[in-house]
Amino acid sequence: MEHILSIFNTLTRKKELFVPLNPPFTGLYVCGPTVYGDPHLGHARPAITFDLLFRYLKNLGYKVRYVRNITDVGHLENDADAGEDKIAKKARIEQLEPMEIVQHYTERYHKAMDKLNVLSPSIEPRASGHIIEQQQMIQQILDNGFAYEKNGSVYFDVEKYNKSYSYGKLSGRILEDLMANTRELDGQGEKRNPFDFALWKKASPEHIMRWPSKWSDGFPGWHLECSVMSTRYLGEVFDIHGGGMDLLFPHHECEIAQSVAAQGKEAVRYWMHNNMITINGQKMGKSLGNFITLDELFNGTHKLLVQAYSPMTIRFFILQAHYRSTLDFSNEALQAAEKGMQRLLNAYASLDKITAADKTTVDMAGLRQKCFDAMSDDLNTPIVIAHLFDSVKTINSVAAGSGSLSKEDIDELRNVFSLFLFDILGLQAETNSSDNSKTLEEVVNLMLNLRMEAKSRKDFETSDKIRNELTKIGFEIKDKKDGFEWTLKV
RNA sequence: GGUCUCUUGGCCGAGUGGCUAGGCACCGGUCUGCAAAACCGUCUACUCCGGUUCGAGUCCGGAAGAGACCUCCA
């Protein structure tokens, strides 16, 4: 690999050189959504962050297997024994089969991801499709003595595990502190310790989602699915595990414990965590009632939104911040992102209009290498974007007549923009192309030709009227020396 | 309460011992019949208090404020 990628490993809290276990193959597992509600802004961040990583790894020449799961069972409302499964709860409220809920919201999630130009993962496994494997892993953990059965449920014995290994190494927690600080929750009677977590839960009589097992008719614990499905598809040890920072504890900590307890070694080599999106400085959360669904963003229907924001605006907005920083949402910030992105796309388009000169008189200064360097420095997309903006200035000033670019350099700019803007950052021009687009184009050209005629008669009242009305509809009119240009803004 | 993180200009957001981040907004100019777009230019920073250093927004210590996790969340 000609570019050396370093990524921040949460396990060591350092940037580390990324060296795959079995190059050129590399495995990436990311915690996907629990499909019990519409996808929201918070889902977009890990999806886009790891889509970026997926795209970049592929671009560096790795053969990437990207596994992103769908959680459709076992994710409880809280950690108490009485906690209800999120999917089951939604099913009960809406009087549907749990799998109808799963189907519905999985499709909603996929549609939103498509709009955001998030590539499909290589494999998208479901927890409910891996019940047997989960049971096998539970048995392994039981056999190794790190779990216990109680009334048909199986729990992970954290205290015992901690005697041989270190529970809390990922999140920087110390078990003694946890013991001192964990709150007592109702219905924890079956656990030996409050921080023990369920591997298998016996289903109460009214619980619909249930599978037979040697312990009871029940369902697997939430943390288990990721341990099982990641190693099933990527091997006992694999390269990268990603997810949101909020999953660091307890979810990912439990995953490590499960893998070590079952197979005697850790499964994950690099842990990566994206930071949260905040709204007015506060984390978006279901319980806080301040979360915005992606559809609401795309349509501008949420009360916090002053306008609709296109999927690419959202994507660009997210990429303008580094994935490990919190990103604060506001209309102002999104509007800035919208304009900035348009500026980048416009500059790319105007490359086609530049006439090549014999030689280049502007500074190109190793744009391609600078972009690669920024990407390879723990996916520093804000820097990549800043470099592209520097080139926008170059392109525009040449287009405006100051300086010149050779054919080779125009091609280089086109290639670098295409590579980083479209292939790696995953942005795309948002055209409103429809079947009528050609007709529309002709109609608009007709209007603007009329305006030209009016202008030549110095009939500015008419010409302004045409332009103003078109602007009102959403067109952007630009007069040129020998004609006009127009675009239809979303 | 415990653990951890953050505090950059009007807004968003990089950087991390010395050299302009970038975007958006604003302002001045060029272009235009007027605009828009584009171009040129200007302005606005590093929470506070100590320390280390020739030099700190950047390292160390302290204070204040904010946030995250510890409980469902991406």
Side-chain angles (χ1 to χ4, degrees), chain A residues 13 30-34 36-37 39-50 75-80 83-84 86 89 168 171-174 176-178 180-183 185 195 222 242-251 273-278 281-288 291 316-317 320-322 324-344 346-347 350 374 380-390 392-393 395-403 455 458 460 463-464 467-468 471 475-481 485-487:
Chain A
R13 323 240 151 200
V30 174
C31 291
T34 301
Y36 69 109
H40 54 77
L41 190 53
H43 289 107
R45 190 142 200 217
I48 289 172
T49 298
F50 294 105
H75 200 165
L76 303 184
E77 285 285 316
N78 61 53
D79 202 30
E84 193 173 3
K86 285 167 182 259
K89 182 184 178 186
S171 55
R173 262 157 242 260
I174 296 159
E176 285 70 36
D177 294 345
L178 287 171
N181 287 306
T182 309
R183 290 182 224 161
L185 294 165
F195 40 75
W222 171 45
M245 256 179 203
D246 52 339
L247 296 178
L248 224 154
F249 188 89
H251 186 55
H273 291 91
N274 63 274
N275 216 320
M276 304 289 103
I277 286 178
T278 58
Q282 203 178 30
K283 186 179 140 180
M284 245 180 57
K286 296 236 155 61
S287 54
L288 297 166
F291 70 99
F316 187 73
F317 172 66
Q320 256 192 318
H322 188 259
R324 284 190 289 112
S325 302
T326 54
L327 173 59
D328 197 48
F329 161 91
S330 68
N331 281 291
E332 243 185 329
L334 278 169
Q335 284 163 353
E338 184 177 52
K339 287 193 179 176
M341 181 183 65
Q342 207 53 55
R343 195 166 133 86
L344 278 170
N346 287 345
S350 69
N380 201 330
T381 50
I383 296 293
V384 174
I385 290 169
H387 288 318
L388 293 176
F389 271 118
D390 286 341
V392 167
K393 206 160 214 177
I395 293 166
N396 284 339
S397 54
V398 172
S402 60
K455 274 175 72 176
K458 305 264 184 216
F460 296 122
S463 71
D464 283 0
R467 182 182 61 198
N468 292 341
T471 305
F475 292 90
E476 184 174 271
I477 313 301
K478 300 175 198 174
D479 281 0
K480 296 281 170 183
K481 282 202 163 52
E485 274 181 21
W486 60 270
T487 50

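Quick note: numbers below take in every heavy atom, side chains included, and nothing from hydrogens, waters or symmetry partners. Chain identifiers are assigned alphabetically (A, B, ...) following the order of the sequence lines, protein sequences preceding nucleic acid strands; residue numbering begins at 1 within each chain. All figures in this text were calculated on a predicted structure; none of them were measured in a lab.
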Looking at residues at least two apart in the chain, or sitting in another chain, which of them share a side-chain contact (heavy atoms from CB on, under 4.5 Å) with [X]?
| X | answer |
| --- | --- |
| Ser330(A) | Glu332(A), Ala333(A) |
| Ala399(A) | Ile354(A) |
| Lys393(A) | none |
| Arg343(A) | Phe389(A), Val392(A), Asn396(A) |

How long is the line joining [atom1] of [X] and [atom2] of [N], in whole Å?
| X | N | atom1 | atom2 | value |
| --- | --- | --- | --- | --- |
| Arg173(A) | U5(B) | CZ | P | 12 Å |
| Ile277(A) | A74(B) | CD1 | C1' | 9 Å |
| Asn275(A) | G67(B) | CG | C1' | 10 Å |
| Ile383(A) | A21(B) | CD1 | P | 11 Å |
| Phe389(A) | G15(B) | CZ | C1' | 18 Å |
| Leu344(A) | C24(B) | CG | C1' | 13 Å |
| Ile385(A) | C24(B) | CD1 | P | 12 Å |
| Lys339(A) | C24(B) | NZ | P | 9 Å |

Counting runs of three or more consecutive pairs, Watson-Crick or G-U wobble, with each distance below 3.5 Å, where are the stems of RNA chain B? B:1-7 with B:64-70, B:10-12 with B:22-24, B:27-30 with B:38-41, B:47-51 with B:59-63
Just to confirm, is there a sub-4.0 Å distance from OP1 or OP2 of G15(B) to any side-chain nitrogen or oxygen of Asn380(A)? yes
What residues form a side chain to side chain donor-acceptor pair (under 3.5 Å) with [X], not counting sequence neighbours?
| X | value |
| --- | --- |
| Gln335(A) | Gln307(A) |
| Asp390(A) | none |
| Ser350(A) | none |
| His322(A) | none |

Taking the side chain as every heavy atom from C-beta outward, state whether Glu476(A) and Trp486(A) have any atom pair closer than 4.5 Å. no
Does some side-chain heavy atom of Arg324(A) sit less than 4.5 Å from a side-chain heavy atom of His273(A)? no
Integer angstrom distance from the [atom1] of [N] to that of [M]:
| N | M | atom1 | answer |
| --- | --- | --- | --- |
| U20(B) | A74(B) | C1' | 37 Å |
| A37(B) | A25(B) | P | 8 Å |
| C49(B) | A64(B) | C1' | 10 Å |
| U30(B) | A36(B) | C1' | 15 Å |
| C26(B) | C43(B) | C1' | 9 Å |
| G2(B) | A63(B) | P | 13 Å |
| G1(B) | G9(B) | P | 29 Å |
| U52(B) | A45(B) | P | 28 Å |

Heavy-atom nearest nucleotide on RNA chain B for Met341(A) versus Arg13(A): which residue maps closer to 5'? Arg13(A)
At under 4.0 Å between heavy atoms, what does [X] touch on the DNA or RNA strands: base, sugar-phosphate, or nothing?
| X | result |
| --- | --- |
| His387(A) | nothing |
| Met245(A) | nothing |
| Thr326(A) | sugar-phosphate |
| Asp390(A) | sugar-phosphate |
| Gly42(A) | base |

For Thr326(A) and Asn275(A), does a side-chain donor sit closer than 3.5 Å to a side-chain acceptor? no
Sequence-aligned protein contact record of nucleotides 33-41 of chain B, with B where the base is within under 4.0 Å of a protein heavy atom and S where only the sugar-phosphate is: BBBBSSSS-
With Asp479(A) via salt bridge (charged side-chain N to carboxylate O under 4.0 Å, His left out) - residues at least two apart: Arg451(A), Lys455(A)
Minimum heavy-atom separation for Ile383(A) to Ala374(A), with atom names? CG2-CB, 3.5 Å
Please tabulate the protein-to-nucleotide N/O contacts below 3.5 Å involving nucleotides 9-12 of chain B, giving atom names and distances.
residue: C11(B); atom: O2'; partner: Glu332(A); partner atom: OE1; Å: 3.3

